[in-house]
Trainee: 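Have a look at this one.
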Amino acid sequence: MSDTAPQPTTAAANPPVQALEGNLGPAAVVRSSAGGPVSTEPAQMTKVAKLIDISKCIGCKACQSACVEWNDTHPEVGVNTGSYQNPHDLTPEMFTLMRFEEWVNPDTNDLEWLIRKDGCMHCEDPGCLKACPAPGAIVQYSNGIVDFIHENCIGCGYCVTGCPFDIPRISKVDHKSYKCTLCSDRVAVGQGPACAKACPTQAIVFGTKDDMIQHANGRIEDLKSRGYDNAGLYDPSGVGGTHVMYVLPHADKPSIYSNLPENPSISPVVEGWKGVTKTAGVAAMGVAAAGAVLMSLFTRGNRVAEHDEEAAERLVETDLKHDGRGES
Amino acid sequence: MAGTRYSERGDHIETVDPVTVSRYRGITRLNHWVTAISLIVLALSGLAFFTPSLYFLTGLFGGGQTTRWLHPIIGVVLFFSFLLLFLQMWRLNLPRREDRVWVANIGEVIKDQEEKLPELGKYNAGQKFVFWAMTILIVVLIVSGIMIWQQYFPDLVTIPTRRIATLVHSLAAVGIILVFILHVFAAIWTRGTLRAMTRGSVTGGWAWKHHRKWLREVAGRQNEGPAE
Ligand code: SF4
Ligand code: SF4
């Protein structure tokens, strides 16, 4: 009964049938926003990853539907603006989105239809977590998944400011931040993410990060043999690698895939804000406040003397007399 | 004859024996305290977001969500409240020649040797510094604050701009808290100052010692008022 679930190694793996304890609870937390609680002896899990092979994706959006269904979100009914992309952006109700881009390859003059499944990248060094001011609102588990803990979220939007991929969306309804969870609630009980399970071409696969890199290498070799000389893996080191990776046929130009960042990293502005500004600012305010209190307590202060009062009286009286009205 | 070069029209000798001088009207004092309370609420709630070690301050306002909602609203209140103060005070806070001498001899002020310094109007250079620093920082804070106001302006600026706005907002906030500490400290350290913002008046001696030109002008004016 209280056995913990095995760690899933493939998306296709059938779920265990017996009741199991989830393994992604507080005990697995290795990082927590704003000094929130982390596990002292975290259960060391193998790093996991989701691999999205853009060359295999047919843009059917089964993953998008599976995401909506599993997470029980209710995206608004959209409108067509001449693209298959729907909704037009990530929303608090749509954690993943197929982005469609028509691109003319300058070398071949071919039109290429680039379809990228957008969503949280589950950065090893997450900018959202660094920026968040609410203790424990964003956590990272020892298997690499970055999760938003909604009861601690205050809806400030700092995670939007911190994320290098423009992922989190703040709900207008409950003022909490939402994004892809990498189906942490499924992974916790030994199942792969809903999107990976739904994908009919297995363009989305899930497993340990090592296995996924190995799988990607095989795919890249295959793409290269078919003329995609620049095929490669997108696992950007600027954020310490990601737990959602892409196989890109044109890995030399990630930005053609609906502005996938070339070299993402946490912005130095965010680092400066959360780093030196915070430390130096707190120190300066503390010193100034303490100094002011000490000075007030231990110095005499500037006092008005009796002769000042007398001088003022003389001045006021002279002015009155001068006018001939006398002291009334 | 005596004009309003160093004083506001409403400043007047309140009593003659002992001398007290009216410095701020009731409405100005109310305006000042609304601004002051807003600033304190903003500092406490803002510090909670600034550093995790002060996040517990959100408890004062009923939790993180409420604090997040309240902070920018009070920011707007402060902006307009300060704007009214600004309109009443900017003229006599314009820098004058004697301010430079005062700053150059700030040591004499601290040593309580103000006799050696030029006579001053309603405000000294320190008070003027606080006034202009508050003015500039409040403008910076309201502009950068609106750029990062998630609830009502989530898409006003791009994310890179928003990052800069957040950094600028926190730097300006540290700055305004330092100016605030200076302001409160100076008002307490210079005895007899606080009553100007509580009762509205100061003693003649205080006016003579710190703002003699202001006192001379106000005293000179008492004769010109409409007779009876
Ligand atoms: S992609 Fe953005 S939201 Fe996702 S983990 Fe990285 S920083 Fe956080
Ligand atoms: S909105 Fe984002 S940054 Fe703010 S508390 Fe929620 S998760 Fe943290």
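Computed from heavy atoms alone, side chains included, the values below leave out hydrogens, waters and symmetry copies. Letters A, B, ... mirror the listed sequences (proteins, then strands); counts begin at 1.
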Trainee: Looking only at the side chains, is there a donor atom on one of B:W189 and A:S296 sitting less than 3.5 Å from an acceptor on the other?
Mentor: no
Trainee: For the interface with chain A, which of B:T51, B:V109, B:L47, B:I148 has the highest count of heavy-atom pairs at distances below 4.5 Å?
Mentor: B:T51
Trainee: Which heavy atom of A:D174 sits nearest a heavy atom of B:Q65, and at what distance?
Mentor: O-NE2, 3.9 Å
Trainee: Under 4.5 Å from any heavy atom of chain A, what part of B:P18 do you find: side chain, backbone, both or neither?
Mentor: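 The answer is both parts of B:P18.
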Trainee: Is the backbone of B:G205 close enough, under 3.5 Å, to the side chain of A:E313 for a donor and an acceptor to pair up by distance?
Mentor: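 Not confirmed, A:E313 side chain does not pair with B:G205 backbone.
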Trainee: Show the nearest heavy-atom pair for residues B:P52 and A:A34, with the distance to one decimal.
Mentor: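 Answer, listing the atom of B:P52 first, then A:A34: CB-O, 3.3 Å.
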Trainee: Nearest 0.5 Å please: distance from the NZ atom of B:K209 over to the CD atom of A:E309.
Mentor: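 Here the interatomic distance stands at 10.5 Å.
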Trainee: Pair A:I154, B:W69 - check side chain to side chain contact (heavy atoms under 4.5 Å, CB included), show working.
Mentor: CA-CA 9 Å; A:I154 64 172; B:W69 165 82; over 6 Å; no
Trainee: What heavy-atom pair brings B:Y55 and A:P133 nearest, and what distance separates the two atoms?
Mentor: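 Heavy atoms of B:Y55 and A:P133 come nearest at CD1-O, 3.3 Å.
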Trainee: Using distance alone, with no hydrogens and no angle criterion, decide if A:T161 and B:R162 have a side-chain donor and acceptor under 3.5 Å apart.
Mentor: yes
Trainee: Check whether B:H169 gets within reach of chain A through its side chain, its backbone, both or neither, counting any heavy atom under 4.5 Å.
Mentor: neither
Trainee: Does any backbone or side-chain atom of B:I13 lie under 4.5 Å from a heavy atom of chain A? Answer side chain, backbone, both or neither.
Mentor: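 Looking at B:I13, just its side chain touches chain A.
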Trainee: Can you tell me how far CZ of B:R191 sits from CG of A:N302, rounded to the nearest 0.5 angstrom?
Mentor: 8.5 Å
Trainee: With rounding to the nearest 0.5 angstrom, report the CZ to OG distance, B:R163 to A:S267.
Mentor: 5.0 Å
Trainee: Sort A:C132 into side chain, backbone, both or neither according to what part of it lies under 4.5 angstrom from a heavy atom of chain B.
Mentor: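 Neither part.
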Trainee: With a 4.5 angstrom heavy-atom cut-off, could you sort out which part of B:F49 is near chain A: side chain, backbone, both or neither?
Mentor: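 When you check distances to chain A, atoms from both the backbone and side chain of B:F49 fall under 4.5 Å.
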Trainee: Using a cut-off of under 4.5 Å for heavy-atom pairs, which of B:T193, B:L215, B:I188 has the most such pairs with chain A?
Mentor: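 Highest number of pairs under 4.5 Å: B:L215.
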Trainee: Keeping to residues at least two apart or across chains, list the salt bridge (Lys or Arg N to Asp or Glu O under 4.0 Å) pairs with something in residues 271-291 of chain A.
Mentor: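 Counting only pairs at least two positions apart or across chains, the salt bridge (Lys or Arg N to Asp or Glu O under 4.0 Å) contacts touching residues 271-291 of chain A are A:K130-A:E271.
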Trainee: Please determine, among A:V160, A:T279, A:V270, the option with the most heavy-atom pairs under 4.5 Å with chain B.
Mentor: A:V160
Trainee: Closest heavy-atom contact between A:G272 and B:L167?
Mentor: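 Nearest pair, atom of A:G272 first, then B:L167: C-CD1, 4.1 Å.
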Trainee: Hey, which of A:K172, A:M285, A:M295 has the most heavy atom pairs under 4.5 Å with chain B?
Mentor: A:M285
Trainee: The test is side chain to side chain contact (heavy atoms under 4.5 Å, CB included); show your working for A:W273 and B:I164 and say whether it passes.
Mentor: CA-CA 9 Å; A:W273 159 45; B:I164 295 168; over 6 Å; no
Trainee: Please report the interatomic distance NE2(A:H175) to CD(B:Q151), rounded to the nearest 0.5 Å.
Mentor: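 So the NE2 of A:H175 and the CD of B:Q151 are separated by 4.5 Å.
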Trainee: Within this structure, what is the CG-CH2 distance for the pair A:D308 and B:W206, rounded to the nearest 0.5 Å?
Mentor: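 Spacing of CG (A:D308) from CH2 (B:W206) equals 12.0 Å.
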Trainee: Could you tell me the separation between the SG atom of A:C156 and the CH2 atom of B:W149, rounded to the nearest 0.5 Å?
Mentor: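 Nearest 0.5 Å value for the SG-CH2 distance: 15.0 Å.
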Trainee: Sort by residue number and list every member of residues 175-184 of chain B having a non-hydrogen atom under 4.5 Å from chain A.
Mentor: B:I177, B:L178, B:I181
Trainee: Which residue out of A:S33, A:A134, A:G35 racks up the most heavy-atom pairs below 4.5 Å with chain B?
Mentor: A:A134
Trainee: Is chain A contacted by the side chain of B:Q113, its backbone, both, or neither, given a heavy-atom distance below 4.5 Å?
Mentor: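 No part of it gets close to chain A.
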Trainee: Can you list the steps and then say if B:F50 with A:T277 is a side chain to side chain contact (heavy atoms under 4.5 Å, CB included)?
Mentor: CA-CA 9 Å; B:F50 185 56; A:T277 305; 4.3 Å; yes
